[in-house]
Each structure stands twice: as C-alpha cells, then as structure tokens.
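The structure appears below as structure tokens.
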2 protein chains.
Amino acid sequence: MAKAKKTQLDQSTEEKIKAAAGIVFTKKGYGNARTRDIAEEAGINLALLNYYFRSKEKLFQIVMAERIEKLFGVLAPVLNDAETTLDEKLEKITENYIDMLLEHPDLPIFVLSEIRSNPEQLANRVQAPKLLKDSVFVKQLAERRSDINPLHFIINLLGMNLFPFVAKPVLQPVLGSEDFYRQMMVQRKKLIPAWMKLMLDHG
Amino acid sequence: MAKAKKTQLDQSTEEKIKAAAGIVFTKKGYGNARTRDIAEEAGINLALLNYYFRSKEKLFQIVMAERIEKLFGVLAPVLNDAETTLDEKLEKITENYIDMLLEHPDLPIFVLSEIRSNPEQLANRVQAPKLLKDSVFVKQLAERRSDINPLHFIINLLGMNLFPFVAKPVLQPVLGSEDFYRQMMVQRKKLIPAWMKLMLDHG
DNA sequence: AAAATATTTAATCAAATGATTAAATATTTT
DNA sequence: AAAATATTTAATCATTTGATTAAATATTTT
C-alpha cells in the first residue's frame, strides 16, 4: 500500500480542498456555491472533489462543523474558567472574539445564515443551553447582580462583539477604508468590556 | 385594452407572487430558492412568474429593495427628527425595531447575508453614511458627549436591537418556546434604552 | 523492476432548474 | 356579440450543475 506518501498527499490535497470549500462556502453560502468553484479555488479537478468527499453536501457538513466550532468554541472555556473574575471574562471573551473575527470577518454571518436556512439540521449543534444555565460565568453574575437576567447580559455582550462583523458589508462603505474598519474594531476591544461593566455597576 | 379588471388582477396575482417570493427568498436565500418553490407558494404556474417578472433575478431585486427599505427605512425619520430628544430617539428606535422584527424575525439575517454574498450590487443601496454623519441624532450626541464616537454608539444600539434576531436560530433552543423568546424581546424594549442611557451618562 | 495501490484527469451522465413557446381561456373594449 | 387584449397553462428547451466512469499517471510495496 502507498502509506507514507499517500498520507502526505491525502493531507495536502484534502486540506487544499477543505480550505477552498471554506472560502467559497463562506463567501457565497451553500446554495450559491458551485462545486466547480471550489475545485477551481483548490486548483484541482472536479472529480477529485467527489473522490475525497462523497458530495457537496458532505463537504459542506465538514466545513460547517469546523466553523461552528470556531465561532462558539471560543466561549465555553472562558465562561467556565473558575480562576478568572467576571470582569476578566468580559475582557477575555471580547479580546478573543475581536482578534479572531478580524481574521475571519464573515464567519458569523455565514454560520448564522446557514443555520437559518437549515435550522433543523444545524441549530442543535450549538449547545448554547448548558453554557447559559450552568456556567461559572452565570453563577458569578448571579452573585453580583441577581436582578440581571444572564441571557440579556450575554446577548448584549455577543451583540456588541459580533454585530459589527455581521453588519460589515453595510458599515464598510460608511467607514471608507478597510484599515479604518479595523481600527474601530481594535478600539472596541477596550470599549466593550467597559460598557458591560457599566451595566454591572449601575442600572 | 383590459384596463380596470386587468389592473385588479395584475395587482392581485402580481402581489401574490411578490409575497410568495418574499417568503421563499427570506427563508432560503437567493441561491437555495427555486422559482418553482415560489410559484407553488403563490399557487400559480411557473410560467406566470416569468410572465410578470422577467426572471428570478428581477423578482429578487424587487423583493430585496423592499426588504432593505423595511430594515433601514425605520432609522432615517427618527434620527433626523428635530423635535425629539436624544433619549426619546433611543426609545423610539428600539420600540420601532423590536415591534417590526417580532413580525419579521428573519429580515436582518436575510438582508445582511444577501448583501454579503453580493456586496458590489447591494451594499450601496443602504445610504448609511449620511445618517451617521449629518443626522440630528449625531449632532445631539456630540453636544452631550463629544468624547463618544457616534459610530460606536450606533453600532451598539443596532447590535442590541438586531443581534437577538440575527441569532434567533441559536437562541431559540436555549429559550424553549417561541413565546418565551417573544417575552425576552418585549423586555428589551425597556432595557435597551436604559442601557444606552447608561453609556451616555457614565463611562 | 514488477505488481499493487492510490491519485488524478477528461469525458460524460442525469437530474434540476430557469426560461420560453404556443395554445387555451378569460376579460375588456368597441 | 365580435374583436382585441390580457392572463394562464402545459409542454418543452437549454443550461447549469452535482456526480460518475473509465482510463491514465503517480506512488508505494514486494
């Protein structure tokens, strides 16, 4: 059998296709993406795509699983860290999200819009319920402000972090250059935790 | 010519098709939507769809123009109202948005995701720049807090209002029933202006 | 090197899908 | 009512697109 080299090539070509699929799916969405686009983006033959992954659908599932993990995987470790304070968690989540999203700006809109057009299949992959009920974060919040509904608080935190990326196609023209957009988001790394603390301390 | 009755039927059938297109496009997105789905949803023949609107693309443009107007048209009149205070504007925008979005929950994700997959054609239809630079709202904010960047402030306002709808497919399972989701959003009509005022008064 | 196995491609298929056509039916005008 | 016009449909076309096949090439094992 062709083992050593096979594995090497496998990885290389398979990864190339996966990466290309990620780019094309994320940019166009499942329905607008053509398998030929993906093959071209990967610099390979169309048949090869079906040789490695059985179908467009299968390839999409793999890409989507990675993306969901990337978008929501940031949360769990921070929310459940017993060593950090509530304030530190707000800072950490914001910094992690904005750093990551500056690298992958259309991740949120891609994941959320695909979930919308196929909720029964995708929505359950995000195990948000646990985090929002049993996490250390929720307990810390309850101790400090038992009158604040943790769900509202988390929606605000995620909204301030994710929304500017979801709305990027609309905001970009307002801001002009890509660079100025970036500056705004970097500013928010400090601002968002401050606003969130405001909600904790007053109101 | 068949004028009177023609116009009546025109309206009726044309509107039926447009409404059906709105439903199908909004639910599935352009790429995943089939013209046959739309025809079926409208209860008419496929050919009739092409008789009234030349193509899927043309029909989509019409639906999209309506949706963009619906999503962003709420803003301009309120932001430019010289008769209301800044605080009143925050309340008005929040109430308008949440009332409207409870009726059309997937409007934001639809519009934003279609803009993303076709920015060159759609992004410029939203004339956000003017509102965010010359509006009465921005002037009032500058008078009260010249140190606050109005763009950050508006992103926060829109994020708190729109994000829970953009993320609805993910939040819904957390909340359980549709009814509880609705309750949360109704609560936010009072909460969001309060949080925004907090940012104005402190920080 | 020969055999076995894995990888890649060009060519092709079959189904889905947007669009058209020609004919039938309904409505309006004269 | 007849003619003209508008509306609707069934059938069909042409293209796109996801997928397959059979053959060619490369790689690994023996």
Side-chain angles (χ1 to χ4, degrees), chain A residues 1-65 114 117-118 121-122, chain B residues 1-65 114 117-118 121-122:
Chain A
M1 291 166 227
K3 201 97 152 282
K5 191 57 176 297
K6 168 200 165 191
T7 304
Q8 272 181 26
L9 288 181
D10 249 354
Q11 293 266 354
S12 168
T13 305
E14 197 176 318
E15 286 304 319
K16 231 189 319 180
I17 295 173
K18 258 203 276 190
I23 291 170
V24 176
F25 279 138
T26 302
K27 186 171 162 195
K28 305 196 173 189
Y30 182 81
N32 292 307
R34 304 286 100 95
T35 49
R36 281 166 176 80
D37 301 339
I38 298 173
E40 191 185 4
E41 176 77 35
I44 53 104
N45 192 285
L46 170 61
L48 198 52
L49 183 149
N50 288 287
Y51 172 74
Y52 277 97
F53 308 86
R54 279 267 301 164
S55 67
K56 179 187 181 184
E57 174 66 20
K58 291 253 176 60
L59 180 53
F60 175 76
Q61 294 302 342
I62 291 169
V63 169
M64 184 47 100
E114 294 297 333
S117 57
N118 223 333
Q121 197 183 16
L122 297 173
Chain B
M1 294 169 223
K3 201 100 152 280
K5 190 58 177 293
K6 169 199 167 190
T7 302
Q8 273 181 26
L9 288 182
D10 248 356
Q11 293 267 353
S12 168
T13 305
E14 197 175 317
E15 285 305 319
K16 232 191 316 180
I17 296 173
K18 257 203 275 189
I23 291 170
V24 176
F25 279 137
T26 303
K27 186 171 161 194
K28 305 195 174 191
Y30 181 81
N32 292 306
R34 305 286 100 95
T35 49
R36 281 166 175 81
D37 301 339
I38 297 173
E40 191 184 4
E41 176 77 34
I44 53 105
N45 191 285
L46 169 61
L48 199 51
L49 183 148
N50 288 288
Y51 172 76
Y52 278 98
F53 308 86
R54 279 267 304 165
S55 67
K56 179 187 180 183
E57 174 66 20
K58 290 253 176 59
L59 180 53
F60 175 75
Q61 294 301 343
I62 292 169
V63 169
M64 183 49 97
E114 295 296 334
S117 57
N118 223 333
Q121 197 183 16
L122 297 173

* So, is B:Asn45 near the phosphate of D:dA10, with a side-chain N or O under 4.0 Å from OP1 or OP2? -> yes
* In residues 30-39 of chain A, what residues come within less than 4.0 Å of DNA chain D, judged by heavy atoms? -> A:Ala33, A:Arg34, A:Thr35, A:Arg36
* To the nearest 0.5 angstrom, please state how far the CZ atom of B:Phe53 sits from the OG1 atom of B:Thr35. => 13.0 Å
* Check every strand shown and say whether B:Leu46 touches a base, only sugar-phosphate, or nothing at a heavy-atom separation below 4.0 Å. => base
* Structure fact -> note: A:Arg54, atom CZ; D:dT21, atom P; distance rounded to Å ~ 10 Å
* Structure fact -> Between the CZ atom in A:Arg34 and the NZ atom in A:Lys28, the distance rounded to the nearest 0.5 Å is 7.5 Å
* Asked: Within the pair B:Tyr52 and D:dT8, is there a side-chain N or O less than 4.0 Å away from OP1 or OP2?
  -> yes
* Take atom CG of A:Asn50 and atom P of C:dC13, then tell me their distance rounded to the nearest Å. => 17 Å
* Out of D:dT20, D:dG18, D:dA10, which nucleotide sits closest to the side chain of B:Ala47? -> D:dA10
* Between the side chain of A:Arg36 and the main-chain N/O of A:Ala33, is any donor-acceptor distance below 3.5 Å? -> no
* Grab the stems for DNA chain C, please: at least three consecutive Watson-Crick or wobble pairs, both distances below 3.5 Å, written as range with range. => C:1-30 with D:1-30
* Name the closest nucleotide to the A:Leu48 side chain, picking from C:dA19, C:dT9, C:dA6. => C:dT9
* Structure fact -> Nearest heavy-atom approach of A:Val63 to A:Lys18 is CG2-O, 4.1 Å
* Once you round it to whole Å, what is the distance between P of C:dA19 and CZ of B:Phe53? -> 13 Å
* Asked: Say you draw a straight line from CG of B:Asn50 to CD1 of B:Ile17; how long is it, rounded to the nearest 0.5 Å?
  -> 9.0 Å
* Rounding to a whole Å, what distance do you find between B:Tyr51:OH and C:dA24:C1'? -> 14 Å
* To do: May I ask you to evaluate whether A:Thr13 reaches the phosphate of C:dT7, defined as a side-chain N or O under 4.0 Å from OP1 or OP2?
  => no
* To do: Give the minimum heavy-atom separation between A:Ile38 and A:Ala20, together with the two atoms involved.
  => O-CB, 3.6 Å
* For B:Ile44 and B:Leu49, which heavy atoms make the closest approach, and how far apart are they? -> CD1-N, 4.0 Å
* **Value in whole Å for how far the P atom of D:dT8 lies from CD of B:Glu40** => 18 Å
* Centre of A:Tyr30's six-membered ring, under 6.0 Å away, within 45 degrees of the axis: is that where NZ or CZ of A:Lys56 sits? -> yes
* Asked: Any side-chain heavy-atom pair from B:Glu114 and B:Phe60 closer than 4.5 angstrom?
  -> yes
